[in-house]
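Below is one structure, written out as structure tokens; comments come after it.
All heavy atoms count here, side chains included; hydrogens, waters and symmetry mates do not. Worth saying up front: this structure is predicted, and the values here are computed from it rather than measured.
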Amino acid sequence: MGNVVLLNQQVARVIEFINGLSYVPTLSEISSAVGLSQSSVWRIVKSLKDVGVIFKAVTDLSRLGLIEVVLVYRARVPKEKIPRKTLRFFIRTLEGVTFLKYVSRAHEVELLVNYVVDCIGEEPSEVYVVDHVVAPRYVMTHLTRSSLDRLFIRELLALAVAPTLPMKLGTTGRCDSIDIAIINALEEDVFSKMKDVYKAISSRMKPSPSYQTVLRHYREHVLGKGVIAGIRPTLENLVEKTVSSSRKLLVLRGPASLLIKAVRAIIGIPSFTEAYLSTREGYAIVLSTLPLNLTPKIVDFIGMLESRGLVKEWSIFEVEPVSMLSLPIPESIGEVSISELLGETSCS
């Protein structure tokens, strides 16, 4: 998007390569893949970080036996009423709709939902269990375009029907506080150094684990179980700084097999972030930081997906920036059950 994100070809190649992975690459691997020296790659990653573009891990928590639940309230839920325990994000829209996403163990979803309902004092309009997370695969060659032209649309549709890489093999199961602390760090910056993660863990965990223990958890529990579904560059941070834009929330409904294709096409556009899907209910939610001049074209593009049968219903909501909240996974979930965690104190 020419007047949105000005990046040269080398930077775009680095972003495109990292964005297409479902594991953390080494500097030498990036260097070899993009045809640049390791020092050049390091400078590019550092310069992106300096302007607010950070590479974040998109995680599949089901690989650790956890699940995420989205509660939709067709009302403006006061922030002080929303319980924070296990809360992942809180989004309120200008249209007066409140979205809450919590993390739970699969067999304790009903308990968690009842807890939230008791705290808020009102039942949600809809409850969706997130069983699929789609990491964006941005079409970087068109990052400098300010319009969705026919060529770009063809590439996005090709992205939608492209075969997905097989999920990494690994067993799902219980996780502990070390696993969750590592994931929280990777969700903030996928290139977080394990030594820094270890220092943060050991400073608050008693007895503190050894560095080798943390490293083993990272390799065997996080990488080994395929928890990282993808890597997302936070290009929306740069978009907000360079052009007039607004945060929007896109809700899609339709047959699960077709909805996934529609989502993959939409999040090929750099303004959109990862998507959360409930394939059982045919529901998807995607966040974006959308340049104002691109909004009508995005609406037309989604309308085209609807005309092709990939989407049955869709809505775009304007997000209230001051009411948007994002929280890490509570590390205590790794040590106690949701019922124990929620039973410790009253709503908070």
Residues, nucleotides or ligands: over 12 heavy atoms within 6.0 Å of E126 CD: yes
Are side-chain heavy atoms of I182 and H217 found at a separation under 4.5 Å? yes
Heavy atoms from other residues, nucleotides or ligands near CZ of R204 exceed 12 (cutoff 6.0 Å): yes
4.5 Å side-chain heavy-atom contact, R43 and K46: no
In short, E331 meets A181 closest at the heavy-atom pair OE2-CB, 3.5 Å
Should we count CZ of R74 as having more than 12 external heavy atoms under 6.0 Å? yes
Distance col, row E29:CD vs T26:OG1, nearest 0.5 angstrom, shows 5.0 Å
Check whether more than 12 heavy atoms from other residues, nucleotides or ligands sit under 6.0 Å from atom CZ of R216, and answer yes or no. yes
OG (S62) and CG (L66) are apart, to the nearest 0.5 Å, by 9.0 Å
Is there a donor-acceptor pair under 3.5 Å between the side chain of S202 and the backbone N or O of Y198? yes
Same hydrophobic cluster for L341 and L71, using side-chain heavy-atom links shorter than 4.5 Å among ILVMFWY? yes
Yes or no on side-chain contact (heavy atoms from CB on, under 4.5 Å) for F55 and R232, after CA distance, side-chain angles and deciding distance? CA-CA 5 Å; F55 292 94; R232 177 176 69 83; over 6 Å; no
Is the shortest side-chain heavy-atom distance between L48 and I15 below 4.5 Å? yes
Output the distance between atom CG (L277) and atom CD1 (I285), rounded to the nearest 0.5 Å. 10.5 Å
Using 4.0 Å as the upper bound for N to carboxylate O, is an ion pair formed by E68 and K101? yes
Honestly curious: do L61 and L100 fall in one hydrophobic cluster under the side-chain, below-4.5 Å linking rule? yes
Side chains of E187 and T59, donor plus acceptor under 3.5 Å: yes
When every non-hydrogen atom of I316 is compared with those of E95, the smallest separation belongs to O-OE2, 4.1 Å
Report yes or no: do S271 and E236 form a side-chain donor-acceptor pair below 3.5 Å? no
Among L310, L305, L252, V134, find the residue that satisfies the side chain to side chain contact (heavy atoms under 4.5 Å, CB included) test when tested with L259. L252
Side-chain (S104) to main-chain (L112) donor-acceptor, under 3.5 angstrom: no
Going only through I, L, V, M, F, W and Y residues with side-chain contacts under 4.5 Å, is there a path from V103 to I120? yes
Are S31 and S28 linked by a side-chain donor-acceptor pair shorter than 3.5 Å? no
Axial cation check for F317 ring with K248, 6.0 Å and 45° limits: no
R92 versus V97: any side-chain heavy-atom pair under 4.5 Å? no
Given R88 and L327, is the side-chain contact (heavy atoms from CB on, under 4.5 Å) satisfied, shown in steps? CA-CA 5 Å; R88 288 284 269 157; L327 295 172; over 6 Å; no
Quick one: does D60's side chain have a donor or acceptor within less than 3.5 Å of a partner on V227's backbone? no
Indicate yes or no for a side-chain donor-acceptor contact from S125 to the backbone of Y73 under 3.5 Å, with no hydrogens or angles considered. no
Whether the Q212 and S210 side chains hold a donor-acceptor pair (N or O, under 3.5 Å, no angle test) is what I'd like checked. no
Report the relative orientation of the aromatic rings in Y283 and Y128; use parallel for angles under 30°, tilted for 30 to 60°, perpendicular for over 60°. parallel
If you define the side chain from C-beta out and look only at heavy atoms, does anything of V116 sit under 4.5 Å from C119? no
For F90 and S323, what are the C-alpha separation, side-chain angles and deciding distance, and is it a side-chain contact (heavy atoms from CB on, under 4.5 Å)? CA-CA 7 Å; F90 154 55; S323 69; 4.2 Å; yes
Pairwise side-chain contact, F272 with I266, heavy-atom cut-off 4.5 Å (strictly under): yes
Do the side chain of E108 and the main chain of R105 share a donor and acceptor less than 3.5 angstrom apart? no
Hey, does the side chain of T279 reach the backbone of H132 with a donor-acceptor pair shorter than 3.5 angstrom? no
Other residues, nucleotides and ligands only: do more than 12 of their heavy atoms fall within 6.0 Å of CD on E123? no
Do you reckon V77 sits in the same ILVMFWY cluster as F99, going by side-chain contacts under 4.5 Å, direct or chained? no
Nearest-0.5 Å distance, CG of residue N293 to CG of residue L290: 8.5 Å
Can you tell me if E318 and S246 form a side-chain donor-acceptor pair at under 3.5 Å? yes
For residues S339 and S337, report the shortest heavy-atom separation together with the two atoms involved. OG-OG, 2.8 Å
May I ask you to decide if G334's main-chain N or O and D176's side chain share a donor-acceptor pair within less than 3.5 Å? no
Would you mind checking if E80 and R84 are paired as a salt bridge, meaning a charged N to carboxylate O distance below 4.0 Å? no
Any non-hydrogen side-chain atom of R76 less than 4.5 Å from a side-chain atom of E320? yes
Mark yes or no for whether N114, through its side chain, and E110, through its backbone, hold a donor-acceptor pair below 3.5 Å. yes
Are V251 and V133 joined in one hydrophobic group, where the rule is that I, L, V, M, F, W and Y side chains link up if heavy atoms are under 4.5 Å apart? yes
Kindly give the heavy-atom pair with the smallest separation between W314 and G303, and that separation in Å. CZ2-N, 4.3 Å
Tell me whether S192 contacts the main-chain N or O of A185 through its side chain, where contact means a donor paired with an acceptor under 3.5 Å. yes
Over all atoms of both residues, closest heavy-atom pair of I67 and V130: CG1-O, 3.7 Å
State the NZ-CG distance between K297 and D300, to the nearest 0.5 angstrom. 9.5 Å
Give a yes or no on this: more than 12 heavy atoms of other residues, nucleotides or ligands lie within 6.0 Å of atom NZ of K49. no
Determine the minimum heavy-atom distance between L258 and G309, stating which atoms define it. CD1-O, 3.3 Å
Does some side-chain heavy atom of Y102 sit less than 4.5 Å from a side-chain heavy atom of K85? no
Working to the nearest 0.5 Å, report the span between CG of D196 and CG of D189. 10.0 Å
Could you check K79 against L325 for side-chain contact (heavy atoms from CB on, under 4.5 Å), going step by step and ending with a plain yes or no? CA-CA 10 Å; K79 188 180 291 187; L325 177 70; 5.5 Å; no
